[in-house]
Protein chains: 2
Amino acid sequence: MTSPLNPAQLRAYFALTEAANLLQFAVQQQLRADGDLSYVQFDILATLADATRPLTMTDLADGVVYSRSGLTHQAALLEKAALIVRRPSPADHRATVVDITDAGRARLAEVLPGHVDVVREMLYEPLSDQDVDTFDDITGRIRDHMRAKPPRSAVSRRPETDEG
Amino acid sequence: MTSPLNPAQLRAYFALTEAANLLQFAVQQQLRADGDLSYVQFDILATLADATRPLTMTDLADGVVYSRSGLTHQAALLEKAALIVRRPSPADHRATVVDITDAGRARLAEVLPGHVDVVREMLYEPLSDQDVDTFDDITGRIRDHMRAKPPRSAVSRRPETDEG
DNA sequence: TATTGTTATACTCTATAACTATA
DNA sequence: TATAGTTATAGAGTATAACAATA
């Protein structure tokens, strides 16, 4: 247990971290410049645009790994900007259904081309089609593994409280 | 220009984004739980511990892609916790040299095993040695490409100011 | 004049806890 | 009693601009 990472693991971890940070930074700049959206706001709009059924606040919070209060805050901002609408769910009167508006879809359309450009230029320019397939396979397996493994479990290696 | 991403590119981008977010979230939790450090603070300490020569605030800010004021803030926190020391540079009286303390190295040592565990469990458990080599190669090329390509250039596709 | 670093300040993001209302 | 969502609030992180000191 706690054996060190081998050199290739270490290198790849650092490269991944740095690349992901640089990409995220560039994407955030682009979304802000082209559509005055934070990444989370973009994610919410994109999720709503893709959804085949109406989504509730809880549905959205699950997708974004977000506290509900944080989502309420972001939804309030998006609603103030007229990009989404919230209405009480007819099925469950406790729930709130969130819809993307035409303005929301328009904003998404404004932002998407630049988003794709950034991803292609930064992430895919140095990769061949063969590389992309390999990268797709590996990242897919990593993501599936992370989804399956509850991230919290690996975290706290300290006893919660011994005293008291 | 602005041709869409192909399916494999799109899948890999989503997988990468989700995996990187989950990994970052877990790492942040671990660093906070095991050593009461934010990721940026950990990054600063690790950079100082690895450095072969004394680093200035500007050296550090360059490595972390950080505003100088933000770095000053984080350095003040780390210094208050006695994990680093700042002193005027003898060579350039404008500059501040930052040193990691014994306590800083000790804190790093407390945190590193758990950090490595999280990375191995989340990132490398589903990969063979062969996969790791491939992954190392591809992520390394991506990072080098991103470093070479100034991230800002791809960002603003709006004219700065036409009026005034 | 340009550069290093700090300070003052303000804004955004996020989370916790308390709360309302429905189920 | 449990769940959906909001509100109030507080804390952390980051950035901009103004500033002081030095090159």
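Heavy atoms only: backbone and side chains are in, while hydrogens, waters and symmetry mates are out. By convention in this document, chain letters (A, B, ...) are assigned in the order of the sequence lines, proteins followed by strands, and residues within each chain are numbered from 1.
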Whole-Å distance, A/D92 CG to D/dA2 P, equals 17 Å

OP1 or OP2 of D/dT6 versus the side-chain N and O atoms of A/R86: is any pair under 4.0 Å? yes

Which part of the nucleic acid, if any, lies within contact of B/T56, taking any heavy atom under 4.0 Å across all strands shown: a base, the sugar-phosphate backbone alone, or nothing? sugar-phosphate

Any side-chain N or O of B/S38 below 4.0 angstrom from OP1/OP2 of D/dG13? yes

A/L77 CG to C/dC13 C1', in whole Å, measures 10 Å

Without decimals, in angstroms, what is the distance between B/Q74 CD and C/dG5 C1'? 16 Å

For atom CZ of A/F42 and atom P of C/dT12, their distance in whole Å: 21 Å

Establish whether the base of D/dT16 is bridged to the side chain of B/S69 by a donor-acceptor pair shorter than 3.5 Å. yes

Listed nucleotide nearest any side-chain atom of A/R68, set C/dT6, D/dT6, D/dG13: D/dT6

From C/dC13, D/dA4, C/dT4, pick the nucleotide closest to the side chain of A/Q41? C/dC13

Atom-pair distance (CZ on A/R32; P on C/dC13), nearest Å: 6 Å

For atom CG of B/L71 and atom P of C/dG5, their distance in whole Å: 9 Å

Exactly one of A/L77, A/L45, A/L60, A/D99 clears side chain to side chain contact (heavy atoms under 4.5 Å, CB included) with A/I84, and that residue is A/L45

Upstream residue (5' side of DNA chain C) when A/V40 and B/A95 are each assigned their closest nucleotide: B/A95

Specify the separation, in whole Å, of atom CG of B/L55 and atom P of C/dT4. 14 Å

Looking only at side-chain atoms of A/M57, point me to the closest of C/dG5, D/dA17, D/dG5. D/dG5

At under 4.0 Å between heavy atoms, what does A/T96 touch on the DNA or RNA strands: base, sugar-phosphate, or nothing? sugar-phosphate

Output the rounded distance in Å from CG (B/D59) to C1' (C/dG5). 13 Å

Donor-acceptor pair, side chain of B/E18 and main chain of A/D144, under 3.5 angstrom: no

Taking B/E121 for its side chain and B/V118 for its backbone only, find out whether a donor-acceptor pair lies under 3.5 Å. no

Is the shortest side-chain N/O distance from B/R94 to OP1 or OP2 of C/dT1 below 4.0 Å? no

Does A/T58 place a side-chain N or O at less than 4.0 Å from the phosphate oxygens OP1/OP2 of D/dG5? yes

Is the backbone N or O of A/V111 less than 3.5 Å from a side-chain atom of A/Q30, with the two atoms forming a donor-acceptor pair by type? yes

Shortest non-hydrogen contact between A/D59 and A/P54, atoms and distance: OD2-O, 4.3 Å

